[in-house]
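These notes are about the structure you will find just below.
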Amino acid sequence: QVQLVESGGGLVQPGGSLRLSCAASGSIFSIYAMNWFRQGPGKQRDLVASITRSGNANYADSVKGRFTISRDNAKNTVYLQMNSLKPEDTAVYYCNADIVRIGQIQLVTNYWGQGTQVTVSS
């Protein structure tokens, strides 16, 4: 089995910073793209940032210049550094990854974490 576990969410004032982490564990052979999504109250789940195994990153326009995605392939972990946070960044943040499992190297499976709440409020 494979699990993605997020951490680092919480309550922060506008203009503040948070760093989210997501660690993948289990019978992992390789991880391709790793992504962060978010879902605000009453909204759909949207892609925030993505990063390839080689480190190429892409961002939603709403977070460009404020958020930075990075990964540590040795630790099977992806991070999201969030700076200059705004109330509209309030959402549940989900980690997502394309993973090849040991013993199933012909198959790429997409996995989701359970989500971590980020609340930006004064």
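What you see below is based on every heavy atom in this structure, not just the backbone, and it leaves out hydrogens, waters and symmetry mates. Worth saying up front: this structure is predicted, and the values here are computed from it rather than measured.
In terms of the side chain to side chain donor-acceptor pair (under 3.5 Å) criterion, residue partners of D89 (sequence neighbours excluded) are, by chain and number, R38, R66. Looking at residues two or more places apart in sequence or on another chain, you find no side chain to side chain donor-acceptor pair (under 3.5 Å) involving S30. Residues that satisfy the side chain to side chain donor-acceptor pair (under 3.5 Å) test with S70, not counting sequence neighbours, are absent from this structure. When the side-chain contact (heavy atoms from CB on, under 4.5 Å) test is applied to S54, the partners found at least two apart in sequence or on another chain are T52, N56. Legend: residues meeting ring-ring contact (aromatic ring centres under 6.0 Å, His included) with Y111, ordered by chain and number and at least two apart, are absent. Under the side chain to side chain donor-acceptor pair (under 3.5 Å) criterion, N83 pairs with S17, Q81, not counting sequence neighbours. Judged as a side-chain contact (heavy atoms from CB on, under 4.5 Å), and not counting sequence neighbours, K43 has no contacts. Applying the side-chain contact (heavy atoms from CB on, under 4.5 Å) test to V12 and every residue at least two apart in sequence or in another chain returns L18, L85, V120.
A single hydrophobic cluster is not seen to contain both I51 and Y79; linkage of ILVMFWY side chains at heavy-atom distances under 4.5 Å, directly or through other members, places them apart. V48 and V92 fall into different hydrophobic clusters, where Ile, Leu, Val, Met, Phe, Trp and Tyr residues are linked whenever their side-chain heavy atoms come under 4.5 Å apart, directly or through other members.
Other residues sharing a hydrophobic cluster with L107 under the 4.5 Å side-chain heavy-atom criterion for ILVMFWY residues do not exist; the residue is a singleton.
A side-chain donor-acceptor contact under 3.5 Å links E6 to the backbone of Q114.
Among residue pairs with one or both ends in residues 54-63, those qualifying as salt bridge (Lys or Arg N to Asp or Glu O under 4.0 Å) are D61-K64; sequence neighbours excluded. Under the disulfide bond (SG atoms under 2.5 Å apart) criterion, the residue pairs touching residues 68-122 are C22-C95, with sequence neighbours excluded.
F37 has its ring centre less than 6.0 Å from the ring centre of W112.
Taking the ring axis of Y94 as reference, the NZ or CZ atom of R45 stays within 45° of it and closer than 6.0 Å to the ring centre.
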When the side chains of residues 97-104 are checked against the rest of the protein, which donor-acceptor pairs come out under 3.5 Å, sequence neighbours left out?
residue, atom, partner, partner atom, Å
D98, OD1, N110, ND2, 2.8
R101, NE, S27, OG, 3.4

